[in-house]
Amino acid sequence: MEPTKLLVAIFTLLVLVAHSAAETHFLFWNVETTNITHNCFSANVTTVNGQIPGPTVEINEGDTVVINVTNNANYEISIHWHGIFQFLTNWADGPAHITQCPLNIGSSQIYEFTVTGQSGTFFWHAHNNWLRATMYGHFIVHPAAAPPFGEVAAEYSIISGEWFSQDPNVVELGFIDTLNPVENATVANTINGEPGPLYGCPADTQIFPVTSGSTYLLRLTNAGLNNDHFFKVANHTLTVVRADGNYLQPFDTDVVVITPGQTTDVLLTANQPIGSYYGGVNVAEVPNVGAPPPSTPALVIIQYEGSNSTDSPVTPEFPSMFNLMPVDNYTSFLKGLEPYSLPETVDVELVYVAGIASVNCNASEPCTTKIAGTIQNSTFDDPQNTSVLEAYYNNIPGVFTTDVPDLPPVFEDFTSQPDRNYILGNRGTRTRVLQFNDVVQLVLQNVNAFGILDHPFHLHGHDFYVVGRNYTNFNPDVDPAGFNLVDPPKFNTISIPNGGWVALRFQANNPGVWLLHCHFERHKTWGMEMAFITENGSGANETLPGPLHPPPSCT
Ligand SMILES: [Cu+2]
């Protein structure tokens, strides 16, 4: 055989081997009410398999998961696989009322999907009510090709969150159907569910052992409901290498900023004198309304081999939660490792304004007006008797409309003063239809009605490039000239900055119904969400099939 043919044969064989190595993982999850005590705080909360965090899903790129979820808890539930594309498996995406009805108490549901074309750190979480507070876990996808940052001695999961010291769904009830001021109900910051040693209770501090000279991969995820987080390790510099499953141009920082819904992979090299060092999270970028969240960090110990955990560890100093500069500095370093790769022509140009306003209550609600999260001055009402996807797929009329306008109802300065045009919003179940493969440019602009806050926006089913961002009113005549179309970072979640905007680009290459929403749970509860509906294309791989398993009953 000639050498070229031999190489081709070997290559083909390798591809076949790689293919046949793809595995199917069968998992059985029991959702239950569990009495959890973290340090001093004890509460009956909803968990998967009795754990917080819940089980880690760990697979190789190309693998399939079949997760059988049984609901033995006190609430209806649903589970979302955050950041996973769900290409042609929209039915398994999970957001309640959008792609499925919530799973009734006593019922089971199977989520089955294959993870291709993406790898890195993802997470799963409950996607109804406030159950994400206690139902979350990592979803780790090992890449088919070795990562560019090389070998590490070990990997550690660090999932930040919040503890309410009571059932989070009860906390949620205090936030709906009311115009009461926003109060922060968080009792403690947590890492992997634990508040750590600074909360005045017998310490149950997690220890991460390291060896001097070795490098470790820390998989950071903010699963919290309502707060952005800083992550730091005392005396150590961190190298940021990947976020939301996409490689970044590596950069060094002493503080990482993570908003709810983001994951960030960092390298930690144990290059300091042998000892113990606290690492931890604290709240970042606090809005200028409501009561501030707890400012006590959740801590873990990074313990060098040869030191003792009873040596008092060095404590990191966190930036002020009210200071936007560290957030802005950090964000300016985020650049994609791969070049921008979407087609040059933008097919759909959208400018959406997002903010907190009020809406009139429905007859069934115990109020006349209530607080609302809005997009294009409209708050999203969940359909109750079917999901948007079931209505779309089965042509059930009257469930949703397709009239989210492409531009804000009134175009003006959205950021300086409370805007009288956006104080009272509309309501509806509104979507925007996209054609298969449309290249979409979406500018998300912060609108000030009841105060200026940042909004971590998450798009289901896609990654997007972040091509622009500023703390200003978006100027469509000037700002696009400054867009980064060379090496923008690619994420599935990005914060609309306080009083500013972000510009995103993505391709609608995944037929189905895809939620766009604020990942602050209180804002989502208030209706800061809408859905894109991507129509089928013409080819076999461009048409959404029916569900692989029966979706939960809607009654
Ligand atoms: Cu928000």
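Both counts, for ligands and for their atoms, begin at 1 and track the order of listing. Since the structure is predicted, the reported quantities are computational estimates derived from the model, not experimental observations.
Protein N/O/S atoms found under 2.8 Å from the Cu ion (ligand 1), listed by chain and residue number: His455 ND1, Cys518 SG, His523 ND1.
In this view, Asn385 satisfies the side-chain contact (heavy atoms from CB on, under 4.5 Å) rule with no residue, not counting sequence neighbours. Taking Thr429 as the reference, Phe380, Asp381, Pro383, Val388, Phe400 meet the side-chain contact (heavy atoms from CB on, under 4.5 Å) condition, with sequence neighbours excluded. Scored by the disulfide bond (SG atoms under 2.5 Å apart) test, Cys518 finds no partners at all (sequence neighbours excluded).
Contact of the Val440 side chain with the Arg505 side chain is not registered, since no non-hydrogen atoms from C-beta on lie closer than 4.5 Å.
The CG atom of Asp244 sits 5.5 Å away from atom CD of Gln262, with the distance rounded to the nearest 0.5 Å.
The shortest non-hydrogen separation linking Ala92 to Phe113 is CB-CD2, 4.0 Å.
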